[in-house]
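Sequence lines set the chain letters: A, B, ... in the order given, protein chains first and strands last, and positions in each chain run from 1.
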There are 2 protein chains.
Amino acid sequence: MSTDAPAPRNRSHNVTLTRAPALADTLAARLSEDIRDGRLKPGEQLPTEQQISLAYGVSRPTVREAIGRLKHDGLVVTRQGAGAFVADPNAASVFRLSVADFSNKDEIHNIVELLMAVEATATQHAAERRSAANLAEIRARLDAMQAAIDRGEPGVDEDFAFHRAIIEATNNPFFRDLSDFLDRRVRNFIRTARLNSARQAGLPQAVQVEHIRIFEAIERQAPADAREAAENHLRNAAKRLERYLVL
Amino acid sequence: MSTDAPAPRNRSHNVTLTRAPALADTLAARLSEDIRDGRLKPGEQLPTEQQISLAYGVSRPTVREAIGRLKHDGLVVTRQGAGAFVADPNAASVFRLSVADFSNKDEIHNIVELLMAVEATATQHAAERRSAANLAEIRARLDAMQAAIDRGEPGVDEDFAFHRAIIEATNNPFFRDLSDFLDRRVRNFIRTARLNSARQAGLPQAVQVEHIRIFEAIERQAPADAREAAENHLRNAAKRLERYLVL
DNA sequence: GTCACCAAGTTGCCTGACAAGTGGAAATTT
DNA sequence: AAATTTCCACTTGTCAGGCAACTTGGTGAC
C-alpha cells in the first residue's frame with residue numbers, strides 16, 4: 001500500500017508514433033487540457049508526481065518535465081513540500097499563442113485577421129509619435145524596397161523590413177513582438193506554400209504604391225490617414241493571399 | 001579528458017535567492033537570452049547537455065529541463081542523436097508574451113494600448129458577424145451588469161463577462177485568447193492596486209451607458225459604430241485608470 | 001570510386017537516492 | 001480538556017549513473 005510497490009515495467013507502452021512526439025510533451029498537453037477544460041479547477045491540487053507517474057506509466061523525471069512546461073506557461077504553481085496547484089488565471093503573467101496546424105485555412109484566416117488589427121493600429125501609433133530617426137529608418141527601408149523592385153527582385157525581405165521599421169516606431173514592445181511573430185508566420189506560410197507567383201509581373205510595384213501612401217501619412221504625422229492606408233494595404237494583401245490560396 | 005572526470009561538488013553554488021527561482025528556470029533564461037541577443041544564431045548547434053552541465057555546474061536532468069522549456073517555446077529544436085539546434089525564427093509556431101514586472105507604469109500603458117487595439121477591432125468584427133445566439137448572450141451579460149449596479153455592486157465580474165461575450169462573437173480563437181489574457185491582466189492589476197475606489201458613486205452607471213452604446217451597435221450590425229463605441233469606452237477606461245494611477 | 005558497416009557521440013528515458021520544505025498528527029505541557 | 005510543541009510522513013527539487021535509440025562521420029571491403 002505504501003511506496004514499496006515494485007516499479008511497473010512498461011517499456012512496451014512506448015507510443016512510438018512517427019517522429020516521436022516526446023513523452024513529456026503529450027503528457028503536458030493532456031494535463032494542459034485538463035486545466036483548460038475545467039477538469040482541474042484553479043487552486044486545486046494536482047496529483048502528486050508519483051501518482052501521475054503511475055497513472056500514465058511514465059517515470060517521475062518525465063512527469064517533472066511535463067509539469068515544468070505547465071509551470072513555465074503559468075498554468076500551475078508548485079510549492080516544494082506542498083505540491084502542485086492549478087494557477088489562478090487572473091494572475092497568469094504569460095500568454096502563449098500556439099499556431100499548430102498551419103495547413104488549416106481557417107487558422108490562416110484568423111491569424112491574418114489578428115495581424116490586420118495589430119498592424120493597422122501600430123501604423124496609426126507610428127504616425128502619432130514617430131521620431132525623426134524612426135522616419136529616416138522607414139524611408140531607408142522604403143528606398144531599399146524600391147531598389148529591389150528596380151533590380152527585378154520580389155523584395156520579400158525588404159517588404160518585411162519596411163513593416164518592421166514602422167512597428168518599431170510605436171515604441172511598444174508588445175506591438176513589436178506580436179506583430180513580428182504574426183508577420184513572420186504569414187510570410188513563412190506564403191513562402192512554403194510556393195505562392196511566390198503572387199510576387200510577379202508588376203505586383204511588387206503595386207504593393208510599393210500602397211507602401212508610399214503609408215509612408216507619407218506617417219511622415220506628415222496623420223494617424224487617421226496612416227491607419228486607413230495600412231488597412232487598405234493589409235486588405236489588399238489579404239485579398240491577394242486569398243486569391244492565390246484557391247489556386 | 002573523457003567522461004570519467006569526478007563530478008564537481010558545487011552544492012555551495014546554490015543561488016538561494018529569496019523564493020528560489022529554480023535552477024532550471026535561471027538556466028533557461030540565460031540560454032534564452034543567448035539566442036535572442038544573437039550569441040547563438042539560427043541553425044547553430046547548442047553545446048551538448050553534458051557540456052552545459054559542466055559549464056554551469058548543474059546536473060544533466062536540470063539542463064534537460066531548461067532545454068525542454070526552450071523547445072516548448074519553439075526557440076530550439078532537438079534531434080535525437082544529433083543535438084539541439086537554434087530554431088529558425090521564421091518557422092517558430094509559438095508566441096510567448098511575458099508580462100513580468102507589472103509595477104512598471106510604462107508596461108501597463110503598453111499593455112492597455114494593445115488591449116485597446118485588439119478589443120476595438122474585435123468589437124467591430126462582432127458587429128459584422130454576431131449570430132442571434134451571440135447577441136442573446138451579450139444582452140444577458142448586459143442585463144446582469146445592470147442588475148449588479150441596481151444592487152449597488154461594482155459588477156467587475158459582470159463587466160468582464162460582457163466583454164468576453166462580445167469577443168466570443170468574433171469567432172476567432174486568437175482574438176478570444178489574447179483579449180482574455182490582456183483583459184484579465186489589466187483587471188487583476190486594478191484589483192490588486194486597490195483602485196476599487198474607481199468603482200464608486202455612479203461610475204458603474206456611466207460605464208453602463210457606454211456598454212449600451214456598444215451593444216446597440218452590435219445589435220444593428222453596424223461595424224463602424226461598434227468600433228467607435230468600443231474605442232470611446234476603452235479610451236474612457238484608460239483615462240479612468242490613468243487618473244487613479246497618479247493618486 | 002562507391003557502398004555497406006561500425007563506433008563514437010548525443011539525446012530520450014529510466015531507476016534510485018537524498019536534501020529541503022510542508023502540514024498534520026501525536027505527544028507534551030498547561 | 002485545551003493549547004502548544006515536536007516530530008514524522010509526504011511532496012517537490014536536485015543529483016548520479018545507466019541503458020536504449022538515433023545520427024554522423026569515417027573505415028574498410030568491393
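B/Asn172 places a side-chain N or O within donor-acceptor distance of the main-chain N or O of A/Asn110, the cut-off being under 3.5 Å. For A/Thr62 (side chain) and A/Val58 (main-chain N/O), no donor-acceptor pair under 3.5 Å exists by modelled atom type.
We find that CD of B/Gln80 is positioned 12 Å from C1' of C/dG9, with the value rounded to whole Å. When the P atom of D/dC15 is taken as reference, atom CD of A/Glu49 falls 15 Å away, rounded to whole Å. Between A/Leu54 atom CG and C/dC14 atom P the separation is 12 Å, expressed in whole Å. Whole-Å rounding puts the B/Arg64 CZ to D/dG13 C1' distance at 17 Å. With rounding to whole Å, A/Arg60 atom CZ is found 18 Å from C/dG12 atom C1'.
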Exercise for the section: Could you check B/Phe85 against B/Gln45 for side chain to side chain contact (heavy atoms under 4.5 Å, CB included), going step by step and ending with a plain yes or no? Expected result: CA-CA 4 Å; B/Phe85 304 83; B/Gln45 181 169 8; 3.6 Å; yes
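Considering only side-chain N and O atoms, B/Thr78 lies under 4.0 angstrom from the phosphate OP1 or OP2 of C/dG12. The phosphate of C/dC14 has OP1 or OP2 within less than 4.0 Å of a side-chain N or O from A/Thr62.
Where B/Pro61 and B/Gln45 each meet DNA chain C at their nearest nucleotide, the meeting point lying more 5' is that of B/Gln45. When the nearest nucleotides of DNA chain C are assigned to A/Arg79 and A/Glu65 by heavy-atom distance, the more 5′-ward of the two goes with A/Glu65.
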